[in-house]
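Below is one structure, written out as structure tokens, with a few remarks after it.
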Amino acid sequence: MPELPEVETVCRGLAPTVEGRVFADVVQRRKTLRIPLPENFAGRLKGRRVLSVRRRAKYLLLHLDNGEVLVIHLGMSGRITILEPPDQGGESGNGKHDHVVFQMDDNVRVVFTDPRRFGLMTLIGEEALASHPLFCHLGPEPLGNDFNGDMLSDALRGRRSPIKTTLLDQKVVVGLGNIYVCEALYRAGISPRRTAASVAGKRAERLVPHIRDVLSEAIEAGGSSLRDYKGADGELGYFQNAHAVYGREGEPCPGCDCDRAVQRIVQSNRSTFFCSARQR
DNA sequence: CGTACACCCTGGCCGC
DNA sequence: TGCGGCCAGGGTGTAC
């Protein structure tokens, strides 16, 4: 599930729970997720205090009191669940895919669950973060000031691959995934098949606010679903949004009178949903 | 360099 | 009920 809005939602849900708290215990049930966890991962975390929880691209960054940063990526199927004592409901933190359990000093447990194990977790010194291979090639944050029409135009110019594929490239702009790329292109009326180069200029100018809007609205929706989840099972990161085109193959295009059905095509082995009348 | 594709892994769903 | 095929929100390594 996690694209930028979902990761941001997890970040906001996690911050009040763990900021200022100490890892009393860390249970690591697997050596490897997408990459091996660091040697002595649990030992290095135990006793450390969490100073702050931040997000960069689709990564969660837990800054610790020893100058290290706990980096978490949720991959495709990663989830984080907060279990407040006394535990209620079916969540135990002992599920088949509960790979890491962080026990805080107030007995709240933070559970990392990831069936497909495309997620990752590692520890990086704060000073080495920006130059680290995971982070050094990342493009600008789409909700930040560095992301604008001129910047996007420059990044798209000369690129011959489809705009859909190009926007998934985290070197161009971070945070977009398959859903929100489809949704942003739909809103902007830009065909996913158009070359990136042909979007440079006016179309890029038009696209930027749609990217910002679709992400901001999803964060809002996440915030409200987060409130709904409080007191439920504590799970962060899973909520259903209303998507205009994503997953709606065959349904009527919702945004105009074109009377055409939403189409599904495959680009770079991933589904793209769009309206061929509205998006040119 | 940019681009295309296989691949990592599990589970859910659909048709037979 | 079982099985094969296909699909899934991400990212990387390899080959051209």
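Predicted, not measured: the structure shown is a model, and the values here were computed from it.
- The residue from A:Val245, A:Ile163, A:Thr272 that alone fulfils the side chain to side chain contact (heavy atoms under 4.5 Å, CB included) condition with A:Leu185 is A:Ile163.
- For A:Asn269, a side-chain nitrogen or oxygen approaches OP1 or OP2 of B:dA6 to under 4.0 Å.
- Between C:dG11 and A:Gln170, a contact under 4.0 Å exists linking OP1 or OP2 to a side-chain N or O.
- What separates CG of A:Leu168 from P of B:dC5 is a distance of 15 Å, to the nearest Å.
- Rounded to an integer number of Å, the gap from A:Asp169 CG to B:dT3 C1' is 11 Å.
- As rounded to whole Å, 22 Å separates atom P of B:dC8 from atom CG of A:Leu74.
- Judged by the 6.0 Å distance and 45° axis criteria, A:Arg278 is positioned over the aromatic ring of A:Tyr186.
- Between the side chain of A:Lys58 and the backbone N or O of A:Leu176 there is at least one donor-acceptor pair closer than 3.5 Å.
- For B:dG2, the OP1/OP2 oxygens have no side-chain nitrogen or oxygen of A:Ser161 closer than 4.0 Å.
- Comparing the P positions of B:dC9 and C:dT14 gives a spacing of 16 Å, expressed to the nearest Å.
- You'll find the side chain of A:Asp146 stays beyond 4.5 Å of the side chain of A:Glu141, heavy atoms only.
- Using N1 to N3 plus N6-O4 or O6-N4 for Watson-Crick, or N1-O2 and O6-N3 for G-U wobble, each under 3.5 Å, C:dG9 pairs with nothing.
- Taking atom NE2 of A:His132 as the reference point, atom P of C:dG11 lies 15 Å away to the nearest angstrom.
- With hydrogens and angles left out, the side-chain atoms of A:Ser276 and A:Gln263 include a donor and acceptor closer than 3.5 Å.
- Donor-acceptor pairing under 3.5 Å, judged by distance alone, is absent between the side chain of A:Arg270 and the base of C:dA8.
- Backbone-only engagement by A:Lys96 is indicated by non-hydrogen atom pairs under 4.0 Å involving sugar-phosphate atoms exclusively.
- Computed from coordinates, the A:Leu33 CG to C:dT12 P distance equals 15 Å when rounded to whole Å.
- Remark: the A:Arg117 side chain and the B:dC9 base include no donor-acceptor N/O pair separated by less than 3.5 Å.
- You'll find that the side chain of A:Arg160 is closest to B:dT3, out of C:dG10, B:dT3, B:dT10.
- Residue A:Ser271 places at least one side-chain N or O under 4.0 Å from the OP1 or OP2 atom of C:dA8.
- The pairing partner recorded for B:dC9 is none, the criterion being a Watson-Crick or G-U wobble arrangement whose two distances lie under 3.5 angstrom.
- Here the nucleotide nearest the side chain of A:His73, chosen from C:dT12, C:dG10, B:dG11, is C:dG10.
- As judged by a 4.0 angstrom heavy-atom cut-off over every strand, A:Ser268 is placed among residues making no nucleic acid contact.
- In this structure, A:Lys171 atom NZ and C:dG10 atom P are separated by 15 Å, rounded to whole Å.
- Contact check on A:Arg79 versus A:Asp114 returns no salt bridge, with no Lys/Arg side-chain nitrogen under 4.0 Å from an Asp/Glu carboxylate oxygen.
- Checking B:dG11, C:dG9, C:dT12 against every side-chain atom of A:Arg34, the shortest atom distance belongs to C:dT12.
- Projected onto DNA chain C by closest heavy-atom contact, A:Arg264 and A:Phe118 fall at different nucleotides, the more 5' of which corresponds to A:Arg264.
- C:dC7 sits 15 Å from B:dC5 when the P atoms are compared, rounded to a whole Å.
- An OP1 or OP2 oxygen of C:dG9 is reached within less than 4.0 angstrom by no side-chain nitrogen or oxygen of A:Tyr180.
- Between A:His137 and C:dG11 there is no side-chain polar atom (N or O) within less than 4.0 angstrom of OP1 or OP2.
- Whole-Å rounding puts the A:Arg30 CZ to B:dC8 P distance at 15 Å.
- Contact annotation: A:His97 side-chain N/O to B:dT10 OP1/OP2 distance is not under 4.0 Å.
- Look at CG on A:Leu120: it is 15 Å from P on B:dC9, rounded to the nearest Å.
- Side-chain heavy-atom separations under 4.5 angstrom define the hydrophobic clusters, and A:Leu51 shares its cluster with no other residue.
- Taking every side-chain heavy atom of A:Glu3 into account, C:dG10 is the closest of B:dT3, C:dC7, C:dG10.
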